[in-house]
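First comes the structure, then the notes that go with it.
Chain naming here is simple, since letters A, B, ... match the order of the sequence lines and numbering starts at 1 in each.
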2 protein chains.
Amino acid sequence: MDATPVWLRERRTGVGRPAERSRAEVTAAAIALADREGLAAVSMRRVAAELGTGAASLYRYVDSRDDLLDLMTDEVAAGYQLPAPDGPWLPQLLEVCRQGRSLMLRHGWLPELVLTRSALGPHGTDLLEHVLAVLAGHPADAGRKLEAFGVMSTLTAALALNELSGGSGARQRQGAYLAHVVAAGRHTHLTAALTGGPLVPAPLFDDTLSRVLVGLLGE
Amino acid sequence: MDATPVWLRERRTGVGRPAERSRAEVTAAAIALADREGLAAVSMRRVAAELGTGAASLYRYVDSRDDLLDLMTDEVAAGYQLPAPDGPWLPQLLEVCRQGRSLMLRHGWLPELVLTRSALGPHGTDLLEHVLAVLAGHPADAGRKLEAFGVMSTLTAALALNELSGGSGARQRQGAYLAHVVAAGRHTHLTAALTGGPLVPAPLFDDTLSRVLVGLLGE
DNA sequence: GGTGTTCGCGAACACTGTTTTCGAATGAGT
DNA sequence: ACTCATTCGAAAACAGTGTTCGCGAACACC
């Protein structure tokens with residue numbers, strides 16, 4: 001029944017044998033491993049091996065693998081560069097989305113974590129604070145602004161995930177089945193959409209998110 | 001190098017010993033198990049036990065666990081009731097979203113699958129066909145309509161996931177940390193948003209998706 | 001009957017997250 | 001300098017996981 005999240009469970013009383021590593025080191029090792037071999041490769045044993053230690057040792061720094069995943073997510077969120085809010089809100093939020101996309105393309109495992117687990121750590125709350133600051137003069141109520149933040153994150157992650165799976169075999173399989181569906185004859189609208197003109201006229205990241213945000217918050 | 005998806009890899013001819021079960025039966029057992037104990041409980045051994053058979057037998061019906069997950073997703077998508085397209089597009093798309101939400105609340109494991117794996121099976125393509133049919137008279141180009149379909153699915157799943165995690169301990173932990181952040185003093189905008197008025201003024205599912213879709217596709 | 005082919009599935013392999021356990025290391029108190 | 005509570009490191013064990021192999025059994029057709 002320990003309801004306290006990872007972020008405020010720091011140790012260090014100064015007494016006893018000092019730790020040989022830090023939570024930040026463990027997190028960095030996990031991120032490096034995930035960058036190199038994907039999220040599935042991030043097992044306690046492999047992360048420990050990355051640090052030249054035993055798997056059980058990691059539990060001195062982290063309560064569970066899920067905790068480690070949350071730490072990874074928040075650590076990457078430290079990469080956002082957030083200038084002081086100034087001027088119209090839309091371009092500033094788009095800039096946040098662009099940075100998010102860039103971070104997610106650099107760390108291909110991030111979208112999955114952002115989409116399925118929504119824990120906000122220190123850097124995540126900094127990001128949220130920045131978005132709210134950008135929207136400070138906006139007439140929408142607080143609930144709507146928080147919702148906009150969620151939609152921003154979700155859509156950015158989903159679009160990044162799409163881009164990332166573009167080269168892999170997943171697309172090929174999907175394409176193979178869609179080709180079969182088209183050949184089957186039914187699904188006339190799907191066929192028309194897939195055979196007319198350029199199939200994917202470049203995913204306009206900015207345009208999409210801009211339209212969605214304006215729809216949500218107003219001009 | 002087998003690039004053919006699950007959907008078009010159907011049973012062989014009538015030669016040899018006949019199978020005792022069907023792919024649909026396996027899928028149904030997996031869904032029942034997931035409904036009862038969550039997605040994590042859907043292991044090959046547990047699904048097999050549900051059917052009173054051995055784990056290895058499942059591989060006669062499915063190439064991998066991931067295949068089984070795709071089958072589960074598409075099977076649930078059979079639950080959509082899609083009337084003939086008629087009238088303005090927005091209410092019809094909202095109806096699709098409402099049904100999606102309902103299906104996802106009934107099957108709490110669905111959002112995660114929809115968000116992280118985007119494979120479209122037979123029923124998924126039927127759904128896409130329906131959405132495209134609803135939008136047949138709409139001036140947007142095909143790429144934008146496909147994008148709208150993706151955004152609809154993603155947002156519906158993300159909102160459903162939010163609703164589902166409302167009662168669990170995840171919310172409590174998140175709240176605990178946010179309370180700590182508010183107490184810390186910095187993050188003035190976050191504090192204002194969290195302490196002013198009703199915290200979550202009822203997640204207006206329809207309103208949110210309606211705004212987003214109108215923003216994306218135009219009035 | 002034979003034969004070709006498929007099915008069911010016990011056993012095994014290589015993993016996984018996590019707990020237990022205990023020796024070793026340390027800083028504080030005396 | 002010596003104790004000693006306290007903390008750390010990590011091997012071993014536990015209870016699982018997805019997947020493959022191999023083999024006997026069951027059927028359709030000739």
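- The residue A/S43 sits close only to the backbone: its heavy atoms come under 4.0 Å of sugar-phosphate atoms, none of a base.
- In the set C/dC9, C/dG17, C/dC7, C/dG17 carries the atom at the smallest distance from any side-chain atom of A/R65.
- Within the 4.0 angstrom heavy-atom criterion, base atoms lie near A/S57.
- C/dT18 atom C1' lies 11 Å from atom CG of A/D63, rounded to whole Å.
- Both A/R46 and B/R45 lie close to DNA chain C; mapped to their nearest nucleotides by heavy-atom distance, the more 5′-ward contact belongs to B/R45.
- Judged purely by atom type and a 3.5 angstrom limit, A/R23 uses its side chain to pair as donor or acceptor with the backbone of A/Y61.
- With distances taken from any side-chain atom of B/R17 to the nucleotides C/dT18, D/dA25, C/dA24, the minimum falls on D/dA25.
- Remark: the backbone N or O of A/P83 is paired with a side-chain donor or acceptor of A/H130 at under 3.5 angstrom.
- Within 6.0 Å of CZ in B/R186 there are 12 or fewer heavy atoms belonging to other residues, nucleotides or ligands.
- Rounded to whole Å, atom P of C/dG10 lies 12 Å from atom CG of B/L58.
- In this structure, B/M44 places its CE atom 20 Å from P of C/dC13, rounding to the nearest Å.
- For the pair B/T53 (side chain) and B/A49 (backbone), a donor-acceptor distance under 3.5 Å is absent.
- Whole-Å rounding puts the A/E20 CD to D/dT7 C1' distance at 12 Å.
- One atom, CG of B/D67, and another, P of D/dG18, lie 14 Å apart when rounded to the nearest Å.
- Counting only heavy atoms from C-beta on, B/A56 has its side chain closest to D/dT20 among D/dA11, C/dT26, D/dT20.
- Side-chain nitrogen and oxygen atoms of B/T53 include none within less than 4.0 Å of the OP1 or OP2 phosphate oxygen of C/dG8.
- In terms of phosphate contacts, A/Y61 brings a side-chain nitrogen or oxygen within less than 4.0 Å of OP1 or OP2 of D/dG9.
- Between the OH atom of B/Y59 and the P atom of D/dG22 there is a distance of 17 Å, given to the nearest Å.
- Protein atom CD of B/E37 is 11 Å distant from nucleotide atom P of D/dT17, rounded to whole Å.
- The base of C/dG8 sits with one of its N or O atoms less than 3.5 Å from a complementary donor or acceptor on the side chain of B/R60.
- Here the CG-OG1 distance, from A/L110 to A/T156, works out to 11.5 Å after rounding to the nearest 0.5 Å.
- Among the protein residues, A/V42 comes within range of the sugar-phosphate backbone only, with heavy atoms under 4.0 Å from sugar or phosphate atoms but none that close to a base.
- Among the atoms of the strands shown, base atoms are found under 4.0 Å from some heavy atom of B/G16.
- For B/R21, whose side chain is taken as the heavy atoms from C-beta onward, the closest listed nucleotide among C/dT20, C/dG8, C/dT6 is C/dG8.
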